[in-house]
Amino acid sequence: MLYHRLIQNGTAPIVASYAEKTEQDPAIARVYAQANEIADANQLKVLHAMQKCRLSDGHFVDSTGYGYHDIGRQALEDIYAEIFCAEAALVRPQLISGTHALAVALFGNLRPHDMLYSPVGAPYDTLERVIGIRPAEGSLAEYGITYKQTDLTEVGEIDLPAVRHVLGAFPQIKMVTIQRSKGYAWRPSFTIANIENLIAEIREIRPDVCIMVDNCYGEFVEDREPIEAGADIIAGSLIKNPGGGIAAGGGYVAGKRKYVELAATRLTAPGIGGDVGPTLGMTRSLLQGLFIAPQTVSGCIQGAVLTSAVFEKLGFPVNPTPAAKRTDIVQAIRLGDAKKVLAFCRGIQSAAPVDSYVTPEAAPMPGYTDGVVMAGGTFVQGSSIELSADAPMRAPYNVFFQGGLTAAHARAGAIYALDALYKEGMVQL
């Protein structure tokens, strides 16, 4: 029925037929089934957390001003802590993005002369100025906090011998940061098992360091989260996976209480910490989004898998491949041509419920080095749990597809993108 409706709405029949035949592969059906099984497990995890924390209608009353004694905010944070197996959580609409949540955790827990270490290569583009890899006023570097990284091997694996050497050679390392998702890099995203193995190696040499995982795009993709793998603290955005497409903004930090409290102090002020912060009427939507997030994430995975499959069959390198184990919702396709990237993004934009008539173009974006094209006609500005695609406009011209509030919309997005390329003569079917 999906493919019939797409043809009625203008999709080229050959494109719809090609995608339908691709999706009939039993291997694709198995991946879809696995995603649904994980969603069911995570749905129960969320349900039981809300029940254990005795979530009540009374928690939905909003607070203003200082937000003192906000029982809804406390319930929200208790539920996040329970879901992510953390001692405490900071979940606030005042956290603007994943980058902001990570910055709060970094600045809160690092001090002058400390070193931040990444054993998984370079961080996501927007963190480069936060850290000071690229000069910026107010960066960690300006506070005398140094940074070191160990690049991945040529095949995108963690270079454990090099990691061990660095941990032993630099006693000033205070914090280790692990980026779960690939970001704009062409590498595998790290599974919970990968992260667990890496953390075990780190603990053998430096049991004293704080280990933080950038959990953006990864929540609810697997049936475990990074704290269960030994991480001390995690951070992410509510307009990605855990907001379920309902949250209108916000971010979270969760983990050991001492690290979360230091992050809260950075968000507000010393001596105040997490005791203030109005919810401004958002508590209900943040919790409702969290409740449906496992199912939303499952739909995103199905769209990513279909995208991977249709473009791999056409000869484009894809990361991950269709049958690979998923640990985030991001699907990368190496299109190899700027015009193809723009056409792909035009296809995604045309599939949007909002601003479907807009033509996305590459432009400078705050925090990025290269011009970036972003397609996303979303109900929440910048929401990447909703159907979206983006790409830095640099060789080898990889595009990154993610999101979809429903499985049908996520799958349709893949077909709209392919249809745009086909109609512009950039692919042959």
Side-chain angles (χ1 to χ4, degrees), residues 98-99 118 120-131 133-136 149-159 179-190 214 216-217 304 307-322 324 328-350 358-376 382 384 387-403 413-414 416-429:
T99 299
S118 170
V120 296
Y124 187 66
D125 293 38
T126 57
L127 281 174
E128 290 184 354
R129 285 195 172 97
V130 173
I131 295 168
I133 298 170
R134 285 185 285 140
Q149 70 185 44
T150 295
D151 292 333
L152 301 174
T153 66
E154 291 184 0
V155 293
E157 295 178 348
I158 299 166
D159 189 343
Q179 183 176 297
R180 180 176 178 179
S181 185
K182 64 178 68 63
Y184 281 160
W186 189 267
R187 67 152 171 91
S189 295
F190 297 119
D214 174 352
C216 288
Y217 298 107
T307 303
S308 180
V310 297
F311 281 91
E312 183 183 58
K313 283 178 65 176
L314 288 170
F316 293 100
V318 296
N319 181 11
T321 56
D328 67 6
I329 64 171
V330 180
Q331 178 61 51
I333 309 102
R334 178 159 291 170
L335 295 175
D337 184 292
K339 292 181 180 179
K340 290 179 181 177
V341 168
L342 292 172
F344 184 103
C345 290
R346 286 194 291 271
I348 295 297
Q349 190 72 35
S350 70
V358 171
T359 301
E361 297 287 352
M365 295 286 291
Y368 294 88
T369 305
D370 303 281
V372 177
V373 58
M374 291 190 171
S384 45
L387 182 68
S388 53
D390 50 288
M393 296 305 289
R394 60 181 180 237
Y397 296 105
N398 302 324
V399 68
F400 298 84
F401 168 100
Q402 63 274 317
Y416 271 82
L418 178 59
D419 190 54
L421 286 161
Y422 174 76
K423 287 176 178 176
E424 294 189 35
M426 295 180 181
V427 296
Q428 300 297 319
L429 301 179

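Starting from 1, each residue takes its place in the sequence as its number.
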- V427 side chain near F316 side chain, heavy-atom distance below 4.5 Å: yes
- Pair E424 + K339, salt bridge at N-O below 4.0 Å: no
- Task: Describe, in one word, how the ring planes of Y124 and Y184 are oriented to each other, choosing from parallel (under 30°), tilted (30 to 60°) and perpendicular (over 60°).
- Result: tilted
- Message: S388 vs Q402, test: side-chain hydrogen bond (donor to acceptor under 3.5 Å, both in side chains). Steps then yes/no.
- Response: CA-CA 6 Å; S388 53; Q402 63 274 317; 3.0 Å; yes
- Would you say Q149's side chain and D151's backbone share a donor-acceptor pair under 3.5 angstrom? no
- Message: How long is the straight-line distance from CG of D214 back to CZ of R180, given to the nearest 0.5 Å?
- Response: 10.0 Å
- Message: Rounded at 0.5 Å granularity, tell me how far OG1 in T307 sits from CD1 in I333.
- Response: 6.0 Å
- Does some side-chain heavy atom of V372 sit less than 4.5 Å from a side-chain heavy atom of P364? no
- Query: Heavy atoms, side chains only, cut-off 4.5 Å: are F401 and V330 in contact?
  - Reply: no
- Query: Which atoms form the tightest heavy-atom contact between T321 and V318, and what is the distance?
  - Reply: CA-CG2, 4.0 Å
- Message: Could you check whether any side-chain heavy atom of L152 comes within less than 4.5 Å of a side-chain heavy atom of V120, counting everything from C-beta outward?
- Response: yes
- Message: What's the separation between atom CG in D390 and atom OG in S384, rounded to the nearest 0.5 Å?
- Response: 7.5 Å
- Message: Show the nearest heavy-atom pair for residues Y416 and G347, with the distance to one decimal.
- Response: CB-O, 3.3 Å
- Item | side-chain contact (heavy atoms from CB on, under 4.5 Å) between L421 and L314, intermediate numbers included | CA-CA 12 Å; L421 286 161; L314 288 170; over 6 Å; no
- Least distance between heavy atoms, G156 atom then P188 atom: O-CD, 3.6 Å
- Message: Contact between I131 and P123 at the side-chain level, heavy atoms closer than 4.5 Å - yes or no?
- Response: yes
- Message: So which atom in L342 and which in A362 form the shortest heavy-atom distance, rounded to 0.1 Å?
- Response: CD2-N, 4.2 Å
- For V373 and E361, what are the C-alpha separation, side-chain angles and deciding distance, and is it a side-chain contact (heavy atoms from CB on, under 4.5 Å)? CA-CA 5 Å; V373 58; E361 297 287 352; 5.8 Å; no
- Message: Taking D328 first and then R187, would you say they form a salt bridge - that is, a charged N and a carboxylate O separated by under 4.0 Å?
- Response: no
- Answer yes or no: is there a donor N or O on one side and an acceptor on the other, between the side chain of T153 and the main chain of E157, under 3.5 Å? yes
- Query: Any side-chain heavy atom of T150 within less than 4.5 Å of one from S118?
  - Reply: no
- Message: Quick one, F400 and Q331 - any side-chain contact, counting heavy atoms below 4.5 Å?
- Response: no
- Does any N or O in the side chain of S308 come within less than 3.5 Å of the main-chain N or O of P320, such that one atom is a donor and the other an acceptor? yes
- Heavy-atom closest pair (R129 atom, P135 atom, distance to 0.1 Å) is NE-O, 4.0 Å
- All heavy atoms of G413 vs all of I348, minimum pair found to be O-CD1, 3.4 Å
- Between F311 and F344, does the ring centroid distance fall short of 6.0 Å? yes
- Note, F190 side chain near I158 side chain (heavy atom, < 4.5 Å): yes
- Does the side-chain contact (heavy atoms from CB on, under 4.5 Å) test come out yes or no for R346 and T359, once each step is laid out? CA-CA 6 Å; R346 286 194 291 271; T359 301; 3.8 Å; yes
- Item | CA sep, side-chain torsions, deciding dist, call: Y397, K340, side-chain contact (heavy atoms from CB on, under 4.5 Å) | CA-CA 9 Å; Y397 296 105; K340 290 179 181 177; over 6 Å; no
- Output for pair (R134 CZ, L127 CG), nearest 0.5 Å, gives 10.5 Å
